[in-house]
Amino acid sequence: MFSNLAILERPSKDTNTLRQSAWASARVSKRLDTELASQLRIFLRDVFQDAQSWSGLRRALRNKGFSLKFEQGRLRLVDTLSRVEICTTGFLGFPVVQLERQFGADLNTNLWNNWVIG
């Protein structure tokens with residue numbers, strides 16, 4: 001006999017397509033509210049400050065569930081799970097120019113098809 005519990009426990013084929021992080025909602029509303037922006041800055045501050053290279057930054061962001069996309073001269077933070085663009089790194093207090101100075105390398109030399117992490 002089937003139980004409701006057994007039906008709920010079975011994984012769905014579409015499970016991965018419906019997943020979304022809390023950060024992904026930021027782009028849906030076209031902006032971050034003040035509280036979410038503050039939380040995101042705090043959550044990622046050490047990642048940006050401690051990174052020693054583009055690859056180190058990419059790895060640390062990936063571990064936190066984010067990737068980066070370079071488009072129209074702006075470096076955008078992307079939710080890896082939903083691929084929603086959240087904001088620019090400049091909005092977080094880490095503009096591209098500052099990161100290039102910090103890493104001693106131009107971002108354009110580290111791109112692969114506009115996705116820094118893809």
Side-chain angles (χ1 to χ4, degrees):
M1 180 165 187
F2 287 109
S3 80
N4 288 341
L5 184 56
I7 292 171
L8 294 174
E9 289 177 348
R10 278 188 278 184
S12 167
K13 292 178 186 176
D14 296 329
T15 305
N16 290 335
T17 60
L18 300 177
R19 294 177 9 187
Q20 180 174 326
S21 75
W23 308 113
S25 64
R27 183 63 173 174
V28 173
S29 65
K30 302 284 189 222
R31 63 180 177 82
L32 294 172
D33 63 33
T34 306
E35 184 178 348
L36 190 58
S38 296
Q39 289 175 358
L40 187 58
R41 285 181 182 127
I42 291 167
F43 184 65
L44 295 177
R45 181 185 314 135
D46 290 343
V47 169
F48 281 94
Q49 288 177 344
D50 296 344
Q52 300 296 312
S53 65
W54 287 112
S55 60
L57 177 62
R58 294 187 325 234
R59 199 172 21 260
L61 285 172
R62 190 177 329 130
N63 290 338
K64 296 268 188 180
F66 297 98
S67 57
L68 296 170
K69 183 178 182 181
F70 188 68
E71 188 175 68
Q72 298 176 345
R74 294 178 183 233
L75 187 59
R76 301 175 189 278
L77 186 70
V78 178
D79 176 62
T80 302
L81 195 55
S82 64
R83 291 289 193 206
V84 169
E85 294 180 16
I86 299 171
C87 63
T88 65
T89 58
F91 179 80
L92 297 174
F94 299 95
V96 174
V97 174
Q98 178 184 332
L99 293 171
E100 288 176 333
R101 238 179 292 131
Q102 180 178 338
F103 302 145
D106 189 328
L107 177 61
N108 287 317
T109 62
N110 291 279
L111 290 178
W112 179 75
N113 196 23
N114 289 344
W115 282 92
V116 180
I117 300 176

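The shown structure was predicted, so the numbers you read here are calculated from the model rather than taken from an experiment.
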I would like to know whether Val47 and Phe66 meet side chain to side chain contact (heavy atoms under 4.5 Å, CB included); could you show each step before the answer?
CA-CA 11 Å; Val47 169; Phe66 297 98; over 6 Å; no
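Partner Ser67 forms a side chain to side chain contact (heavy atoms under 4.5 Å, CB included) with one of Leu81, Val78, Asp79 and no other, that one being Val78.
Remark: Leu40 CG to Arg45 CZ distance equals 11.5 Å, nearest 0.5 Å. In this structure, OG in Ser53 is found 9.5 Å from CD in Gln102, a value given to the nearest 0.5 Å. Separation of atoms CG (Leu77) and CG (Leu68) is listed at 6.0 Å; rounding is to 0.5 Å.
The environment of Arg41 atom CZ is dense: over 12 non-hydrogen atoms of other residues, nucleotides or ligands sit within 6.0 angstrom. More than 12 non-hydrogen atoms from other residues, nucleotides or ligands lie less than 6.0 angstrom from CD of Gln49.
By the side chain to side chain donor-acceptor pair (under 3.5 Å) test, Ser38 pairs with no residue at all, sequence neighbours left out. With sequence neighbours excluded, the residues forming a side-chain contact (heavy atoms from CB on, under 4.5 Å) with Glu35 are Asp33, Gln39, listed by chain and number.
When side chains are defined from C-beta on, Leu57 counts as touching Phe103, because their heavy atoms get closer than 4.5 Å. Leu44 is listed as a side-chain neighbour of Lys64, based on a closest heavy-atom distance under 4.5 Å.
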Side-chain donor-acceptor distances from residues 91-98 under 3.5 Å, at least two apart:
none

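Of all the heavy atoms in Gly56 and Ala51, the pair that sits closest is C-CB, 4.4 Å.
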